[in-house]
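To keep things clear, I will list the structure first and then write my remarks on it.
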There are 2 protein chains.
Amino acid sequence: MESGRPYSRLLNRLDRTAVLTSADKQLLAELPLTVRNVAAGAAIVPAEEPQCILVVNGFACGSKRVGVGRRQITSLFVPGDIAGLNGLLLPGSDDNLSPLGPAVIASLPYQALEEMLDHSPRLAQAFWRQSFIEAAILREWIASLGRREALARVAHLICELVVRLQAVGVAKDHSFTICWTQMDVADACGISAVHANRVVQELRRLELVEWDAKHLQIRNWDALAKIGEFSDDYLQHYVRPVPPVRYDFDRHLAC
Amino acid sequence: MESGRPYSRLLNRLDRTAVLTSADKQLLAELPLTVRNVAAGAAIVPAEEPQCILVVNGFACGSKRVGVGRRQITSLFVPGDIAGLNGLLLPGSDDNLSPLGPAVIASLPYQALEEMLDHSPRLAQAFWRQSFIEAAILREWIASLGRREALARVAHLICELVVRLQAVGVAKDHSFTICWTQMDVADACGISAVHANRVVQELRRLELVEWDAKHLQIRNWDALAKIGEFSDDYLQHYVRPVPPVRYDFDRHLAC
DNA sequence: CGACCGATTGACACAGCTCAAATGAAGTGG
DNA sequence: CCACTTCATTTGAGCTGTGTCAATCGGTCG
């Protein structure tokens, strides 16, 4: 049961993304996932052997170094998310994946993924859709970084986190475990660590959130969403159980 | 010949992205592209009939409104680029596409695209790869908006523009036509219009670029790239003629 | 107990924003 | 061909959000 979690996470995610046949689910279950714990600062993907990863517990992120020492987190992964998919078609475009806090990660060799997608165009579609969903989130981050001030950015980030976590059942009642450093918050929101601290304090002072070392609890969702100018539109496809189908790869299997 | 341009643009782009058979090229040539001119502020995609667009000449962008009236450009499209692909699998996730300056745009109904992808997994792969390339650019923008100051952001944007334009043969010798408003620059870089003006003047004063109403000429590439902290790594797959193949959809056609 | 790391606080500097006004360029219509 | 409008660029002045630097505090671990 414990060893089944990676698969249930993956299923839980993909099931919202596409209608999967039992054959598809079977293929997913046969993926050779290698689960392991990674400590807060550790490297996830060995440079010599690029691969996909599936977040099982905790958080992972892709980040870039810019200028001297400055770090910017460019994407965020919660349990059930697949990171590094792009490396499948874009060799060498590693995202510098790392955990945010301690995390449980399953690695998935590209080759196995490849073979699976070969056998199911429907799954290929599902994974393509995943990458569109990820891109939608990237665009929202761009809007946030470009046009919102620090308080709103952090509020927005928190809102996104809850919505995504609740969608996969890792958060309940606007409350979840989060072992981030305030530096992590800073690097995600494009602000300095000192200012991240002040912003978090402000959110606490306004009684919008409770946030200690390992746990975050939203006290006033409406106000937080308002300050963060948060609308879950861009997460619709992330959250929605089964989206309407426009383009169905499977049709040409009927030939 | 004039009517052939949209197809050659599209071919020019995809040819760098994947190895296309002549059958694939034939399929592409059969796409029902509707070419038209759009004025600077006009709408590109009618809300009642979402579709893909192919930029033939000029620029297009996806943007978001955030807060009161503030606009953030989230993605940028140059000739040969396909915008709105995500709508194919994510209905309703319109990007609010609009031209930047006057542009020549070809519209492409989702249904036609759908049918084409049904007939060629290789093309489906090529388009999937395109969306990964787009996402790589989004990540770089996040880094820029989060961690670079205004001067560097604008410099970086200019560098990206030249590289992309030169890749499709629309710019030569670090020089190209660009009918943007300084407000457009501001909205792309997440700064105010007034500051965008000051930054552009600074770039002129440093003799890095010449930039009048309709034309931009880079005077000192090295210095510009240095100020913008620009490295074309993230554009490798955009530029590179034919990338090494890791995952090839076509293999399962051999069965 | 000492070392270390992250959170916190204060003081100060500055990049970039807002407001407001002036200038210039490009139509538009009489 | 000349007012007149409109829109983009430019300039100045003051304000503010955020960064930097530096010190302190608190917890954790060996």
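Below, chains carry the letters A, B, ... as their sequence lines are ordered, and counting in each starts from 1. Heavy atoms only: backbone and side chains are in, while hydrogens, waters and symmetry mates are out.
Using a 30° and 60° split on the angle between ring planes, A/His156 and A/Tyr234 fall in the parallel class, below 30°.
When distances are taken from the side chain of A/His195 to each of C/dC17, C/dT8, D/dT18, the shortest belongs to D/dT18. For A/Ser192, counting side-chain heavy atoms from C-beta on, the closest listed nucleotide (D/dT11, C/dG16, D/dT20) is D/dT20. Listed nucleotides C/dG16, C/dT9, D/dG17 differ in distance to A/Gln201; the shortest reach to its side chain belongs to C/dT9. The side chain of B/Arg198 lies closest to D/dG12 when the candidates are D/dG12, C/dT9, D/dT18. Listed nucleotides: C/dT9, C/dG16, D/dT9. Nearest to the side chain of B/Asn197: D/dT9. In the set C/dT8, D/dT9, C/dT9, the nucleotide with an atom closest to the side chain of B/Thr181 is D/dT9.
When every heavy atom of B/Trp141 is checked against every heavy atom of B/Ile73, the shortest pair comes out as CZ3-O, 3.5 Å.
Across the protein-nucleic acid pair, A/Asp187 atom CG and D/dG19 atom P stand 11 Å apart, rounded to whole Å. For the pair B/Glu149 CD and C/dC17 P, the interatomic distance rounds to 12 Å; values are reported in whole Å. A/Glu202 has its CD atom 11 Å from the P atom of D/dG17, to the nearest Å. Atoms CG (A/Asp184) and P (C/dG6) sit 9 Å apart, rounded to a whole Å. Rounded to an integer number of Å, the gap from CG of B/Leu145 to C1' of C/dG16 is 14 Å. When the P atom of D/dT10 is taken as reference, atom CH2 of B/Trp211 falls 11 Å away, rounded to whole Å. The interatomic distance linking B/Leu203 (CG) with D/dT9 (P) rounds to 15 Å, in whole Å. As rounded to whole Å, 15 Å separates atom C1' of D/dT10 from atom CE of B/Met183.
Heavy-atom neighbours of A/Asp212 CG from other residues, nucleotides or ligands within 6.0 Å: above the threshold of 12.
Residue-level contact check: B/Arg70 touches the backbone only, with heavy atoms under 4.0 Å from sugar-phosphate atoms and none from bases. The residue A/Arg204 sits close only to the backbone: its heavy atoms come under 4.0 Å of sugar-phosphate atoms, none of a base.
In terms of phosphate contacts, B/Arg153 brings no side-chain nitrogen or oxygen within less than 4.0 Å of OP1 or OP2 of C/dG16.
A side-chain hydrogen bond (donor to acceptor under 3.5 Å, both in side chains) with B/Asp187 is found for one member of B/Lys64, B/Gln182, B/Gln72, B/Arg71 and no other, namely B/Arg71.
Sequence order on DNA chain C of the closest nucleotides to B/Val194 and B/Val199 puts B/Val199 first from the 5' end.
In this structure, A/Arg164 contributes its side chain and A/Val239 its backbone to no donor-acceptor pair below 3.5 Å.
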